[in-house]
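Written out below as structure tokens is the structure these notes cover.
Here the structure is a predicted model, which means the values were calculated and not measured. As a basis for the values below, the full set of heavy atoms in this structure was taken, side chains included, without hydrogen atoms, waters or symmetry mates. Counting convention: from 1, in listed order, for ligands and their atoms alike.
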Amino acid sequence: MAYDADETRLRGEIVAVSQAMADRGLNKGTSGNVSARLEDGLLVTPSGVVPQALTPDAIVRLGGSGRAEVGALKPSSEWRMHVGLYARRPDVQAVVHCHSRHATILACAGRPIPAFHYMVAVGGKAFIPLAPYRTFGTLELADAVADALDGGFACLMANHGQIAAASSLAKALAIAEEVEEQAAVYWGTLAIGGPNILSEDQMAAVFDQFKGYGQDG
Ligand SMILES: [Zn+2]
């Protein structure tokens, strides 16, 4: 099939991000899903295809109402969550969702990640919030996630996993990977009496430093 340059690039990036999630242990089997905004709709990974078998043509294009193209594979069972998030967050261009182990352990224990390490700030807030449990695949889950994100870029999802929403696929992947790392370290501190928590002032200073951090601000 012929796509324009934007769609061709995004399809390739979605495949690469899905495979990177598997390679880096963020995902097992077919549980994760990845999407990118495209015009008034989105591109999303198909249901039931392992990342290693994904090709750019297998990525499903959904219109604004969630209608799939004729001939497309079935979209991820979580497609409504992606549609709902793009509707609620005009600033978000890409969404990465996974059941990475330590983020999921905390999510199943009902524990958001507090300001125990300065890198929790990658989620855009002084802590990583926890969205309440909603059935997978529902718009209610999209709403619960958008409420928990509250303008930020990452949250845990109770009894489910984690999600990162960002201005690009590369950023969403990097955030999801960092959230998993933070979750693993926080989980470790809980085993030895719990972490020391950074103060509001200390986290405010972190956000000041982040403004001048990285290549693109
Ligand atoms: Zn899921």
Aromatic ring proximity H160/H97, centre distance under 6.0 Å
yes
Quick one: list whatever passes salt bridge (Lys or Arg N to Asp or Glu O under 4.0 Å) with R61, sequence neighbours left out.
E7, E39
Short of 2.8 Å from the Zn ion (ligand 1), name each protein N/O/S atom, waters not counted.
E78 OE2, H97 NE2, H99 NE2, H160 NE2
Is the backbone N or O of G152 less than 3.5 Å from a side-chain atom of R89, with the two atoms forming a donor-acceptor pair by type?
yes
Polar side-chain atom of R134 near backbone of A142 as donor-acceptor pair, under 3.5 Å
no
Salt-bridge criterion met for D150 and K125 (N-O under 4.0 Å)
yes
Between the side chains of D57 and R11, is the shortest nitrogen-to-carboxylate-oxygen separation below 4.0 Å, so that they form an ion pair?
no
